There are 2 protein chains.
Amino acid sequence: MTITTAEENYLKAIFKIAEKEGKAVLTNSIAAAMNTAAASVTDMLKRLAEKQLIKYEKYRGVELTEEGNRTATVLIRKHRLWEVFLVEKLGFAWDEVHDLAEQLEHVQGEPLVDRLDSFLGFPRFDPHGDPIPDAQGRWTFRQQVRVSLLQPGDKGIVTGVDDHATPFLKYLDQIGLGLGVEVLLVNRTEYDQSVQVRIGGKSEVMLSEKVAQNLFVVVSY
Amino acid sequence: MTITTAEENYLKAIFKIAEKEGKAVLTNSIAAAMNTAAASVTDMLKRLAEKQLIKYEKYRGVELTEEGNRTATVLIRKHRLWEVFLVEKLGFAWDEVHDLAEQLEHVQGEPLVDRLDSFLGFPRFDPHGDPIPDAQGRWTFRQQVRVSLLQPGDKGIVTGVDDHATPFLKYLDQIGLGLGVEVLLVNRTEYDQSVQVRIGGKSEVMLSEKVAQNLFVVVSY
DNA sequence: AATAATTTTTAGATTAACCTAAAAATTTGT
DNA sequence: ACAAATTTTTAGGTTAATCTAAAAATTATT
């Protein structure tokens with residue numbers, strides 16, 4: 001049973017929504033995530049259920065089966081490995097790689113993924129700090145915290161971003177923030193929830209609540 | 001005007017047939033090359049003509065337009081660069097890369113191709129010795145000769161293969177032949193057109209006419 | 001040159017993946 | 001608890017890319 005590119009994309013979307021929202025994934029969430037009409041989603045859900053990739057109950061939402069989960073995991077693994085390749089080897093910026101990886105993730109061939117993984121040195125995180133499952137589908141977890149939750153004096157290393165959109169990433173580049181950079185929270189303004197941070201022990205900048213919420217660090221003591 | 005993957009594949013097939021056969025490319029040659037029904041080809045030719053990618057006259061065959069030619073050239077460039085990547089960087093054997101490159105060549109994004117080219121050091125030939133057009137679509141030519149045409153005492157460096165199929169490539173591996181290897185023609189047997197060759201100044205093997213015809217060398221004096 | 005053989009096109013279907021509009025089911029609010 | 005609002009599904013269509021079978025055009029043969 002072959003799985004089409006469209007089917008793969010639905011599985012990935014379902015996986016990601018389930019990861020975030022927990023419970024059964026509803027038709028409309030999928031439609032929103034994929035920018036398609038709800039009717040198209042219903043069509044596809046029937047097909048995926050037929051192929052045993054999801055458990056589907058009309059009006060009740062869906063859940064991935066073992067097989068569907070495996071497929072989605074491999075897809076995310078491929079996507080993130082290709083992102084590492086594009087940034088580390090081809091020199092793309094972290095805000096330029098999503099669309100390319102979106103295409104590359106659909107290239108079929110198991111040996112390809114695993115050789116790519118090896119070529120890249122088995123990275124466990126992609127250029128945005130998201131974890132890359134290994135060949136057995138195992139994830140690496142980290143104790144990440146949003147900068148918006150730090151207290152004055154808290155220090156951490158930037159390990160990820162929640163918003164992956166270009167404007168945010170370009171802004172971070174501009175103020176000298178990126179993965180691996182040290183951030184020290186100097187103080188918080190309660191009025192607008194903005195925070196003052198010292199970056200890499202050098203410059204100091206003010207981050208709006210929105211920015212601070214989209215930035216993850218692993219706290220260092 | 002976007003060009004679909006299927007359209008790209010037809011353009012590439014037309015380009016390759018035209019390259020080999022010279023004149024106008026006929027429906028049946030395309031059907032044979034693509035393993036599709038002639039009727040499907042006719043359908044597609046109409047679409048490609050509509051998009052100004054080919055010049056098409058019913059029953060008379062087709063020719064690529066400037067634009068069609070450019071598209072096919074870029075596609076071949078991408079295919080061959082990815083093959084170099086797969087062999088040089090990921091360690092695939094030269095007989096394993098065709099199907100993967102067939103998928104990778106359809107990944108869209110100009111900067112990707114050019115960065116890949118640069119990452120690979122601007123190779124001018126792929127792992128089978130086929131030329132890779134540069135970013136301006138220019139080809140590198142070489143004075144290649146089939147081993148079947150060498151005379152006793154003639155010496156050359158293997159620079160390409162005509163048959164790209166796995167059994168042939170695996171056979172070459174087995175007897176120690178590959179790109180860059182030196183071949184000296186020891187003598188010819190007129191009866192069956194087989195040739196005796198010395199490989200890399202070491203081992204000596206007999207090559208059937210078929211093998212000798214599928215192997216290219218650049219003669220060294 | 002007429003007929004036979006071959007090649008190509010047309011006609012008519014199919015499938016995956018989408019759509020809009022309308023109907024049905026579920027959830028929410030008073 | 002029932003009407004209103006929302007969500008989801010069904011019904012009916014479209015497009016790209018394929019197919020088979022039949023018709024038409026071209027090429028080859030006697």
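Chain naming here is simple, since letters A, B, ... match the order of the sequence lines and numbering starts at 1 in each. Since the structure is predicted, the reported quantities are computational estimates derived from the model, not experimental observations.
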So, is [X] close to the [N] phosphate, meaning a side-chain N or O under 4.0 Å from OP1 or OP2?
X	N	value
B/Lys46	C/dT9	no
A/Arg60	C/dT26	yes
B/Thr42	C/dT10	no
B/Asn28	C/dT6	no

Please report the distance, rounded to the nearest Å, between [atom1] in [X] and [atom2] in [N].
X	N	atom1	atom2	result
A/Met34	C/dC19	CE	P	10 Å
B/Asp43	D/dA16	CG	P	11 Å
B/Tyr10	D/dA16	OH	C1'	11 Å
B/Ile30	C/dT7	CD1	C1'	13 Å
A/Leu53	C/dA16	CG	P	14 Å
B/Lys51	D/dT15	NZ	C1'	12 Å
A/Leu48	C/dA16	CG	P	12 Å
B/Met44	D/dC19	CE	P	11 Å

So, are [X] and [Y] salt-bridged, with charged N and O less than 4.0 Å apart?
X	Y	answer
B/Glu67	B/Arg70	yes
A/Glu21	A/Lys23	no
A/Arg124	A/Asp117	yes

#### Entry: Upstream residue (5' side of DNA chain D) when B/Glu7 and A/Leu26 are each assigned their closest nucleotide
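The residue mapped nearer the 5' terminus is A/Leu26.
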Base, sugar-phosphate or nothing for [X]? Non-hydrogen atoms, less than 4.0 Å.
X	value
B/Thr27	sugar-phosphate
A/Ala38	base
A/Ala37	base

### Query
Which of parallel (below 30°), tilted (30 to 60°) and perpendicular (above 60°) describes B/Phe119 and A/Phe119?
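Ring orientation, 0 to 90° scale: perpendicular.
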### Query
Should the ring pair B/Trp94 and B/His128 be called parallel, tilted or perpendicular, given that the plane angle runs from 0 to 90° and is split at 30 and 60?
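Plane angle under 30°, so parallel.
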### Message
Nearest to the B/Tyr59 side chain among D/dA25, C/dC18, D/dA17, which nucleotide is it?
### Response
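Taking heavy atoms from C-beta onward, the closest nucleotide is D/dA25.
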#### Entry: Per B/Ala39 side chain, nearest of listed nucleotides C/dA16, D/dT20, C/dC18
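For the B/Ala39 side chain, the nearest candidate turns out to be D/dT20.
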### Message
Go nucleotide by nucleotide along DNA chain C from the 5' end; which of B/Tyr56 and A/Thr36 gets its closest nucleotide reached first?
### Response
B/Tyr56
### Query
For A/Lys58 and A/Arg47, take the nucleotide of DNA chain C holding the closest heavy atom to each; which residue's nucleotide lies nearer the 5' end?
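Looking at DNA chain C, the more 5' nearest nucleotide goes with A/Arg47.
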